[in-house]
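Within every chain, numbering begins at 1; the chains are lettered A, B, ... in the order of the sequence lines, protein sequences first and strands thereafter. Computed from heavy atoms alone, side chains included, the values below leave out hydrogens, waters and symmetry copies.
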Amino acid sequence: MLRHTFLHIPGLGERRERALWRRGIWTWDDLLADPGSSGLPPSLLDQAQVVLRLSREALQRGDVYFFAHHLPVREHWRLFGEFQGVTAYLDIETGMVAHGRQGITVIGLYDGREFQSFIYGQNLDAVERHLRRFDLLVTFNGKSFDLPLIERDLGIPIHQSQIDLRVFLQRLGYRGGLKRIEREWGIVRDDEVVGLTGYDAVLLWERYRRGDVPALERLLAYNRADVVNLEPLMRRGYALARERLWQAALPIMGHPRS
DNA sequence: TATGCAATTTGTGGCGTGGC
DNA sequence: GCCACGCCACAAATTGCATA
């Protein structure tokens with residue numbers, strides 16, 4: 001998807017990007033090979049060629065930040081296709097951690113194959129080291145809640161590019177919270193955690209603090225479901241968004257190769 | 001319930017084009 | 001060459017939303 005993207009060129013918006021596709025300019029290489037057929041104003045065309053040469057280099061060296069910096073936030077989902085290898089899915093739980101202080105109790109991290117839990121009082125400090133392995137973070141409402149809290153509560157700076165599924169899926173017409181969208185898409189949870197909410201996670205941590213060890217196991221299972229289920233949501237959302245983009249831009253001509 | 005982000009709406013300015 | 005107009009991108013202000 002990224003190679004079809006021209007929105008990261010300053011002065012080039014959605015209309016011009018679609019106009020390029022309609023002219024048969026599907027990729028950066030197409031435009032660089034035949035700039036004259038782009039129909040862009042001369043000054044913008046010069047700028048576009050410079051940015052696209054830089055884009056090829058950035059993609060070659062796996063520089064997700066180059067694109068995250070230049071793309072509008074609402075289009076950061078386009079990063080997923082090329083950068084899923086450095087993507088992590090993340091979700092936190094909170095509760096009273098010490099002396100009546102509200103804080104992060106559990107962080108779940110999933111790279112598409114392996115899931116890891118980081119627990120207050122046990123291994124929460126290790127999360128920063130593991131986060132550094134990734135360049136792209138996928139969350140649900142994480143931009144408003146999880147990631148600012150990690151920065152504030154744990155003092156861990158979040159440098160990674162981010163895709164917030166709440167915003168992304170809302171643009172695709174899906175709203176109403178993570179669990180509701182999961183149900184809508186037929187994603188099922190284990191009996192152990194089905195029906196649990198974020199507030200239940202707070203209560204489970206309280207029970208664990210009072211010595212109820214199985215309560216922690218259930219909390220971790222809940223967090224794991226929250227995190228692992230982000231992956232199919234991201235994959236399906238990405239496929240859907242790409243499909244709709246082509247349909248809107250090219251209702252008659254059909255899809256480009258991608 | 002507070003929080004913080006992005007969508008939406010509205011307004012502004014840059015740029016290119018066409019008429020004279 | 002000048003002017004008016006239209007297209008387009010972008011900025012500012014407001015609104016809506018999901019999280020534990």
Using whole Å, what does the distance between atom P of nucleotide C:dC8 and atom CG of A:L44 come to? 12 Å
A:R15 CZ to C:dA9 P, in whole Å, measures 7 Å
Between C:dC8, B:dG4, B:dA6, which one does the side chain of A:S144 approach most closely? B:dG4
Of all the nucleotides listed (C:dC8, C:dA20, B:dA7), which has the minimum atom distance to the side chain of A:R171? B:dA7
Mind calculating the distance between CZ (A:R74) and P (B:dC5) to the nearest angstrom? 18 Å
Between A:S161 and A:H76, do the side chains contain a donor N or O and an acceptor N or O under 3.5 Å apart? no
Go through the side-chain N and O atoms of A:D200 and A:Y222 and say whether any donor and acceptor fall under 3.5 Å apart. no
In this structure, are over 12 heavy atoms from other groups packed under 6.0 Å from A:R3 atom CZ? no
From the candidates C:dC17, B:dA6, B:dC5, the one with an atom nearest any side-chain atom of A:V73 is B:dA6
Nearest-neighbour nucleotide for the A:F145 side chain, B:dA6, C:dC8, C:dT19 considered: C:dT19
Of all the nucleotides listed (B:dA6, C:dT19, C:dA20), which has the minimum atom distance to the side chain of A:T94? C:dA20
Quick one: A:L165 CG to C:dT19 P, roughly how many Å, whole number? 11 Å
Would you mind telling me which of C:dA9, C:dC17, B:dG4 lies closest to the side-chain atoms of A:Q170? C:dC17
